[in-house]
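Just so it is clear, the model here is predicted, and its values are computed rather than measured.
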Amino acid sequence: MKRKISLFSGIYAPETGGPAKFAQTFSEFATRQDQCIEVFAYSRLPIFAKLNSCAEIFLLSNENSILKRFLQMTWCILKSAKSNNSILVNGSFWEVAIARHLMNFKYVAKVPGDIVWERARNLGKTTKNIDNFQNEPLGLSYKILRYFFAFSLRKAEWVIVPSEHLGELCKSWGVQKSRIVLINNSVFLPTKPDFSSEEKKFDFVTVCRLVPWKGVDEIIINVSELGVKLLVIGDGPERDSLQKLSDSLNANVTFVGEIPPEDVPQYLKDCSTFVLNSNFEATSYALIEAQANGLLTIANESTGSEQVITHNLTGLLCGVKSGINLNQAMRIGLYKDENSKEMRVAARLSVERSFNLEINYRKIMDLCIK
């Protein structure tokens, strides 16, 4: 009999973000393989649900005090370890670190990014990009967070990363190279992507959490200059300021906020080109999903997006190596010429080959249960 997998995530649907998307889609994949799995995460909507004979969802209320929910999650981790379950960590890294200090157990960690840097950026404690932040002197609280995050990765049996860039960061945090496994983030593949060049409702679309490092403000400025239409899917602390910027520039921007992940492809059908202007991505699910749905994609060099886009072959990368900036890339996106269609077709084939959920989730499951 297969060991049950206990998946620990910081967030879960209906929350948005890579870790939530992975936790939901991986648990769904596991049940299709008749693999018993339980998922633990924090949520605004605390719930216990037995989805079927194989899957259980435990959502802990983040309305509780930090200490209470921290102890609850740590106890769940220890309980799963005592039950000899296979443990997969996709969040709650600090809780895992505490549990690992208390008990020796094996687990696999899937790293979504540098959660210490993200916390510092979200709280306005730094404006540096992820690479420059690694050398920044940290205050005591961030030193403690870095220690426990790095400890949780160093003690993992395997550390799964979705990009070479993130793999290099893990090595800088003390993770042994031999334990790092590159497995791409993955998405479901729609059966009939749209490669037509017909006019769409929106010229550009971006799907992301609205935080400073996603660079949505720069996209809006260029949309205003080019006189084109932009759809923004997602929510976050920057939404009000981005809407004010759009209004001040009289830019044609539509904000739809958060939408259920399963509805995103319906919105993508109304768009021509996807833009991801962040200065860091592990590997963006939204970027991969856009390619799978037949959109031309634009992103930045020196980020995890280089794992997804080969410049001028499967999309456009902005930066020193390509020699183009965001404005130039967006102008190319408006051409809708034969080269644009070739890039979109090549991108879809690349997704089928390298970002196929069925293939890559099997690799993750094998690491967990072998």
For residues 98-119, which side-chain donor-acceptor pairs fall under 3.5 Å, sequence neighbours excluded?
residue : atom : partner : partner atom : Å
Arg100  : NH2  : Asn104  : OD1          : 3.1
His101  : ND1  : Ala97   : O            : 2.8
His101  : NE2  : Tyr147  : OH           : 3.3
Tyr107  : OH   : Ser152  : O            : 2.6
Lys110  : NZ   : Asn185  : OD1          : 2.9
Asp114  : OD1  : Val116  : N            : 3.1
Asp114  : OD1  : Trp117  : N            : 3.4
Asp114  : OD1  : Arg146  : NH1          : 2.9
Asp114  : OD1  : Arg146  : NH2          : 3.3
Asp114  : OD2  : Gln134  : NE2          : 2.9
Asp114  : OD2  : Arg146  : NH2          : 2.8
Trp117  : NE1  : Lys128  : O            : 2.9

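- Screening Phe40, Phe58, Phe22 against Phe8 for a ring-ring contact (aromatic ring centres under 6.0 Å, His included) leaves a single residue, Phe40.
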Quiz item: side-chain contact (heavy atoms from CB on, under 4.5 Å) between His165 and Thr303: does it pass, once the steps are laid out?
Solution: CA-CA 7 Å; His165 181 205; Thr303 70; 5.5 Å; no
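- Atom OG of Ser272 is separated from atom CG of Leu231 by 11.5 Å, given to the nearest 0.5 angstrom.
- Ring geometry for Tyr361 versus Phe26: interplanar angle over 60°, hence perpendicular rather than tilted (30 to 60°).
- Enclosure of atom NZ in Lys155 is not indicated, since only 12 or fewer non-hydrogen atoms of other residues, nucleotides or ligands lie within 6.0 angstrom.
- Applying the 6.0 Å contact sphere to CD1 of Ile66 captures no more than 12 heavy atoms from other residues, nucleotides or ligands.
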Exercise. Apply the test side-chain contact (heavy atoms from CB on, under 4.5 Å) to residues Arg331 and Leu226: give CA-CA distance (whole Å), side-chain angles for both, the deciding distance (0.1 Å), then the verdict.
Key: CA-CA 8 Å; Arg331 289 179 184 276; Leu226 296 171; 3.4 Å; yes
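- Neither Trp94 nor Ile11 shares a network with the other; the hydrophobic side chains, linked directly or stepwise wherever heavy atoms of I, L, V, M, F, W or Y lie under 4.5 Å apart, form separate groups for each.
- Between the side chain of Asn252 and the backbone N or O of Lys229, no donor-acceptor pair lies under 3.5 Å.
- The nearest pair of heavy atoms linking Val161 to Cys170 is CG1-SG, 3.8 Å.
- Here Ile359 contributes atom CD1 and Ser354 contributes atom OG; the two are 8.5 Å apart, rounded to the nearest 0.5 Å.
- Considering only heavy atoms from C-beta on, Val351 stays 4.5 Å or farther from Asn356 through its side chain.
- A donor-acceptor pair is defined here as one N or O able to donate and one able to accept, closer than 3.5 Å; no such pair exists between the side chain of Asn85 and the backbone of Ile87.
- At a threshold of 4.5 Å between non-hydrogen side-chain atoms, the residues Asp217 and Leu242 count as touching.
- In this structure, the side chain of Arg154 does not engage the main chain of Gly174 through any donor-acceptor pair within 3.5 Å.
- Under a hydrophobic clustering in which Ile, Leu, Val, Met, Phe, Trp and Tyr are joined whenever their side-chain heavy atoms come within less than 4.5 Å, directly or via other members, Leu189 and Val308 fall into the same cluster.
- The distance between the ring centers of Phe149 and Trp173 falls below 6.0 angstrom.
- The line from CD of Glu164 to CG of Leu182 is 6.0 Å long, rounded to the nearest 0.5 Å.
- Once rounded to the nearest 0.5 Å, the distance linking CZ of Arg69 with CG of Asn64 reads 7.5 Å.
- By the 4.5 Å heavy-atom criterion applied to side chains, Phe274 and Gln291 are not counted as neighbours.
- Between Arg348 and Glu352 there is a salt bridge, with a side-chain nitrogen of the basic residue lying less than 4.0 Å from a carboxylate oxygen of the acidic one.
- Using modelled atom types, no side-chain atom of Ser9 and backbone atom of Ala23 make a donor-acceptor pair closer than 3.5 Å.
- Between the side chain of Glu289 and the main chain of Tyr285, no donor-acceptor pair closer than 3.5 Å is present.
- Note: the hydrophobic cluster containing Leu316 does not contain Leu287 (ILVMFWY, side chain heavy atoms under 4.5 Å, direct or indirect links).
- Checking Asn300 against Asn279 by side-chain atom types alone, no donor-acceptor pair falls below 3.5 Å.
- The backbone N or O of Ile77 lies less than 3.5 Å from no partner atom in the side chain of Glu95, so there is not a single donor-acceptor pair.
- Rounded to the nearest 0.5 angstrom, Trp158 CH2 and Ile364 CD1 are separated by 14.0 Å.
- Although no hydrogens or angles enter the test, the distance criterion places a donor-acceptor pair under 3.5 Å between the side chain of Ser224 and the main chain of Leu249.
- Judged purely by atom type and a 3.5 angstrom limit, Ser163 uses its side chain to pair as donor or acceptor with the backbone of Leu166.
- A donor-acceptor contact under 3.5 angstrom links the side chains of Ser80 and Glu38, judged on distance only.
- There is a side-chain donor-acceptor pair under 3.5 Å between Arg362 and Gln33.
- Hydrophobic clustering places Val205 together with Ile288 (ILVMFWY residues linked when any side-chain heavy atoms are closer than 4.5 Å, directly or through intermediates).
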Quiz prompt | Check against side-chain contact (heavy atoms from CB on, under 4.5 Å), Ser27 and Val39 | solution = CA-CA 7 Å; Ser27 60; Val39 179; 3.8 Å; yes
Extract all donor-acceptor atom pairs below 3.5 Å that involve side chains of residues 254-267 and protein atoms in other chains or at least two apart in sequence.
none

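- Here Lys125 contributes atom NZ and Leu138 contributes atom CG; the two are 13.0 Å apart, rounded to the nearest 0.5 Å.
- With a 4.5 Å cut-off on side-chain heavy atoms, Ile57 and Leu59 count as touching.
- For Thr127, the side chain to side chain donor-acceptor pair (under 3.5 Å) criterion is met by no residue, not counting sequence neighbours.
- The number of heavy atoms from other shown groups lying within 6.0 Å of CD (Glu342) is above 12.
- With contacts defined as side-chain heavy-atom distances shorter than 4.5 Å, the pair Val275/Leu326 qualifies.
- Taking the side chain as every heavy atom from C-beta outward, Met330 and Val223 approach each other to under 4.5 Å.
- Atom NZ of Lys21 sits in a crowded spot, with more than 12 heavy atoms from other residues, nucleotides or ligands closer than 6.0 Å.
- Nearest heavy-atom pair, Ser246 versus Ile220, reported as atom, atom and distance to 0.1 Å: CA-CG2, 3.9 Å.
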Quiz item: What's the verdict on side-chain contact (heavy atoms from CB on, under 4.5 Å) for Cys271 and Leu295, showing C-alpha distance, side-chain angles and the deciding distance?
Solution: CA-CA 8 Å; Cys271 308; Leu295 277 70; 4.1 Å; yes
Quiz item: What's the verdict on salt bridge (charged side-chain N to carboxylate O under 4.0 Å, His left out) for Glu63 and Lys68, showing C-alpha distance, side-chain angles and the deciding distance?
Solution: CA-CA 10 Å; Glu63 296 298 320; Lys68 182 176 180 179; over 6 Å; no
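- Using modelled atom types and a 3.5 Å distance limit, the side chains of Asn327 and Asn222 yield a donor-acceptor pair.
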Exercise. Just do the salt bridge (charged side-chain N to carboxylate O under 4.0 Å, His left out) check on Lys171 and Glu168 with the steps written out, would you?
Key: CA-CA 5 Å; Lys171 285 192 282 186; Glu168 290 301 316; 2.9 Å; yes
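- A salt bridge does not link Lys363 with Glu358: none of the charged nitrogens is closer than 4.0 Å to a carboxylate oxygen.
- Leu334 is listed as a side-chain neighbour of Asp203, based on a closest heavy-atom distance under 4.5 Å.
- With a 4.5 Å cut-off on side-chain heavy atoms, Asn325 and Cys318 do not count as touching.
- The hydrophobic cluster containing Phe355 also contains Val187, counting ILVMFWY residues as joined when their side-chain heavy atoms lie under 4.5 angstrom apart, directly or transitively.
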